[in-house]
Amino acid sequence: MPQQPAPRPTDLVVFGGTGDLSMRKLLPSLYLLDRDGHLSGETRVIAVSRDGLTDADLRDKAASAVRGHSAVQVVEPDVLRRFRRRLSHVTVDVGGDPSGWADLAAALTPGRDRVFYLAVPPMISGAICRGLQDAGLVTPESRVVMEKPLGRDLASAQAVNDEVGAVFEESRTYRIDHYLGKETVQNLLVLRFANVFLEPLWNSRWIDHVQITAAETVGVGGRRGYYDSSGAMRDMVQNHLLQLLCLTAMEPPASYDRDAVRDEKLKVLQSLRPIPAAKVAEHTVRGQYTSGTVQGEDVLGYLDEAGGPPVSDTETFVALRAEVANWRWAGVPFYLRTGKRMERARSEIVIRFRDVPHTIFPGAAAASGAGSLVIRLQPDEGIHLTMLTKTPGAGALRLRPVPLELSFADTFATRSPEAYERLLMDVLAGDSTLFMRRDEVEAAWRWVDPIIEAWQGLGTAPETYPAGSSGPAGAQRLIGRTGNTWHEEEQA
Ligand code: BG6
């Protein structure tokens, strides 16, 4: 992948700068970028909120966040001291008292790059952008970073995009899907396009189906209020899972250039066969967790989590069968699955190859688990290629699927950077390859919206599943219709 240019002096302004995302992800990642020499000495981080903090308060809060959430065990005191000096706080009441904008203007340094990071709910993104423009803070080189959720359907996504787009050109708009910042997700492109042997097999002739899973053991916890108006389809499928599907299914781009890559992803989204309302019950499954035991700990059911209504049809699990209707993938099901409070946390892509066209080992060749490539995104990042192998021994020929394993941790001594480290570094360097373009986000909503509408039309409640299980029974039926099983079942 291209070399990053030297870091440029930047004023990074974080709206929602004292919020959860800032504390858990942004500040700890910025600390690590500082430690690893990826921030220019002059770069400053200006946290904006309505909290009225002093710079000293913010620096203390940030230091605890770095200690509590950093991806490395040891926080280096010298680096932390240097990092603290980069931080300041400005109080701005967006849509209220306008004096904060002047304070923000005073905190910015003329001539530096400006990055405005909107770690706020999408409905105030437009007001922030207008406030920045009215205060004369948007320079030609300014960039804006938008966090998800990017709308809750096509119409609201278009509205936010229009409002932000009235101030920032598309080429200066960075829409985060943090899955694209994960090392293993970027490695998917390298695996596919830097190794010659996969491409001839990467099509409907040799691939039977694809499974994409993002399973979490966590529940919705303190986010029930937000989550209840979202659900797994909007929270995970519309963005992370569809992006993984795009990277798996896209044609080779001409170069690793932001628009070449994003043009190919867009074509995949545009090729997704719509699931008609009459087929939604057959091709999709919604689930909601009830109380149960996750990794030895008793946990509440979704409806008992604080902060939401006692009755709710919001799904915490989705499984669906998608199809990419183009020459390469016609007839190959893409099974997508995501859920909270599942038995095990894991995100992976499984490519299941077809059986050989003719077997000379009758009775043995159909051994289950044969011929799959598993790209494990987290945890235990790695690649496993399962091959049928002869079990040693005399007597009848017996075949067994055996994985060839590439473990990132064992192969590379270095720590894999966190997704936000990578993405923040790219924003600071002005590289938007790993960010979603407006047309991609909108194409994803165009495919997802009718499914959500059909669910509402059906009026059925999600299937329940006990916390700590592998999801609702319907998910097994969904994939079972083609005689397949989800990947983990075979490992059991
Ligand atoms: C976020 C979702 O985008 O991704 C969360 O809003 C989810 O609900 C999270 O927990 C999962 O991210 P990761 O990196 O832990 O797989």
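Under the 3.5 Å distance criterion, with hydrogens and angles disregarded, a donor-acceptor pair is assigned to the side chains of Tyr289 and Glu305. Judged purely by distance below 3.5 Å, without hydrogens or angles, the side chains of Glu405 and Ser407 never pair a donor atom with an acceptor atom. Judged purely by distance below 3.5 Å, without hydrogens or angles, the side chains of Thr316 and Tyr465 pair a donor atom with an acceptor atom.
The minimum heavy-atom distance between Ile212 and Leu241, with the atom names listed, is O-CD2, 4.0 Å. The shortest non-hydrogen separation linking Val318 to Glu315 is CG2-CG, 3.6 Å. Of all heavy-atom pairs spanning Val196 and Pro200, the tightest one is O-CD, 3.2 Å. Heavy atoms only, all atoms of each residue included: Gly474 and Val285 are closest at O-CG2, 3.5 Å. Shown here for Glu147 and Tyr117, the closest heavy-atom pair between the two residues is OE2-OH, 2.8 Å. Between Cys246 and Leu269, the shortest heavy-atom contact is SG-CG, 3.5 Å.
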Requested in this report: Check step by step if side chain to side chain contact (heavy atoms under 4.5 Å, CB included) holds for Trp447 and Gln270.
Outcome: CA-CA 8 Å; Trp447 186 75; Gln270 290 170 333; over 6 Å; no
Query raised in the report: Given the rule in the side chain to side chain contact (heavy atoms under 4.5 Å, CB included) test, do Ile124 and Phe15 qualify, once you have shown the distances and angles that lead to the verdict?
Result: CA-CA 10 Å; Ile124 62 167; Phe15 286 85; over 6 Å; no
Query - Full working for side chain to side chain contact (heavy atoms under 4.5 Å, CB included) between Asp426 and Thr433 - result: CA-CA 8 Å; Asp426 284 0; Thr433 311; 6.0 Å; no
Report task. Check step by step if salt bridge (Lys or Arg N to Asp or Glu O under 4.0 Å) holds for Arg234 and Asp153. Result -> CA-CA 8 Å; Arg234 293 188 174 99; Asp153 54 18; 5.7 Å; no
Query - Stepwise side chain to side chain contact (heavy atoms under 4.5 Å, CB included) test for Leu272 and Leu242 - result: CA-CA 10 Å; Leu272 283 173; Leu242 286 184; 4.0 Å; yes
Query raised in the report: Which is it for Arg422 and Asp431 under the salt bridge (Lys or Arg N to Asp or Glu O under 4.0 Å) test, yes or no, and what are the steps along the way?
Result: CA-CA 11 Å; Arg422 168 89 229 177; Asp431 178 356; 5.3 Å; no
**Report entry** Check against salt bridge (Lys or Arg N to Asp or Glu O under 4.0 Å), Glu170 and Arg175
**Finding:** CA-CA 10 Å; Glu170 179 61 28; Arg175 293 180 192 80; 2.8 Å; yes
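Looking at Phe116, Phe435, Phe168 one by one, the single match for ring pair (Phe, Tyr, Trp, His ring centres under 6.0 Å) with Tyr174 turns out to be Phe435.
In this structure, the side chains of Pro9 and Arg112 come closer than 4.5 Å at one or more pairs of heavy atoms. At a threshold of 4.5 Å between non-hydrogen side-chain atoms, the residues Trp202 and Leu373 count as touching. Using a 4.5 Å heavy-atom cutoff, the side chains of Val167 and Leu132 are not in contact. The closest side-chain heavy-atom distance from Gln238 to Val441 is below 4.5 Å. Counting only heavy atoms from C-beta outward, the side chains of Met233 and Trp455 approach each other to under 4.5 Å. Side-chain atoms of Cys129 and Leu118, non-hydrogen and from C-beta on, do get closer than 4.5 Å to each other. Counting heavy atoms from C-beta outward, Leu434 and Leu423 have side chains that approach closer than 4.5 Å. A 4.5 Å side-chain heavy-atom check between Pro450 and Ile275 finds every atom pair outside the cut-off.
For the atom pair OG1 of Thr338 and CG of Asp235, the computed distance is 8.0 Å after rounding to the nearest 0.5 Å. The line from OG of Ser230 to CE of Met236 is 10.5 Å long, rounded to the nearest 0.5 Å. Rounding to the nearest 0.5 angstrom, the gap separating the NE2 atom in His487 from the CZ atom in Arg352 is 7.0 Å. Atom CD in Glu381 sits 11.5 Å away from atom CZ in Phe412 (nearest 0.5 Å). Taking CZ from Arg415 and CG from Leu32, the interatomic distance works out to 5.0 Å, rounded to the nearest 0.5 Å. Considering CE of Met250 and CH2 of Trp329, their distance stands at 12.0 Å, rounded to 0.5 Å.
Arg114 places no side-chain N or O within donor-acceptor distance of the main-chain N or O of Val13, the cut-off being under 3.5 Å. Remark: side-chain polar atoms of Asn187 are not paired, donor with acceptor, to backbone N or O of Glu183 under 3.5 angstrom. The backbone N or O of Ser229 sits less than 3.5 Å from a side-chain atom of Arg152, completing a donor-acceptor pair. Side chain of Ser22 to backbone of Gly17: a donor-acceptor contact under 3.5 angstrom is found. A donor-acceptor distance shorter than 3.5 angstrom exists from the side chain of Asp449 to the backbone of Leu154, with no hydrogens or angles considered. Using modelled atom types, no side-chain atom of Thr10 and backbone atom of Thr43 make a donor-acceptor pair closer than 3.5 Å. Side-chain N or O atoms of Trp486 include none that pairs as donor or acceptor with a backbone N or O of Tyr335 at under 3.5 Å. With Glu199 contributing its side chain and Phe193 its backbone, the two residues share no donor-acceptor pair below 3.5 Å. In terms of modelled atom types and a separation under 3.5 Å, the side chain of Arg8 and the main chain of Asp113 share no donor-acceptor contact. Checking side-chain atoms of Asn195 against main-chain N and O of Leu191 turns up a donor-acceptor pair under 3.5 Å.
Comment: Arg446 does not engage Asp439 in a salt bridge, judged by the lack of any side-chain N to carboxylate O separation of less than 4.0 angstrom. Salt bridge Asp263/Lys267: absent, no basic N to carboxylate O contact under 4.0 Å. The pair Lys279-Glu282 meets the salt-bridge criterion, with a side-chain N (NZ, NE, NH1 or NH2) lying under 4.0 Å from an Asp/Glu carboxylate O. Between Asp313 and Arg286 there is no salt bridge, since none of the side-chain N atoms of the basic residue sits less than 4.0 Å from a carboxylate O of the acidic one.
By the 6.0 Å contact criterion, CZ on Arg328 is enclosed, its count of non-hydrogen atoms from other residues, nucleotides or ligands being greater than 12. Within a 6.0 Å sphere centred on CZ of Arg205, heavy atoms belonging to other residues, nucleotides or ligands number 12 at most.
The aromatic rings of Tyr179 and His240 lie parallel to each other, with less than 30° between the two planes, well short of the 60° mark.
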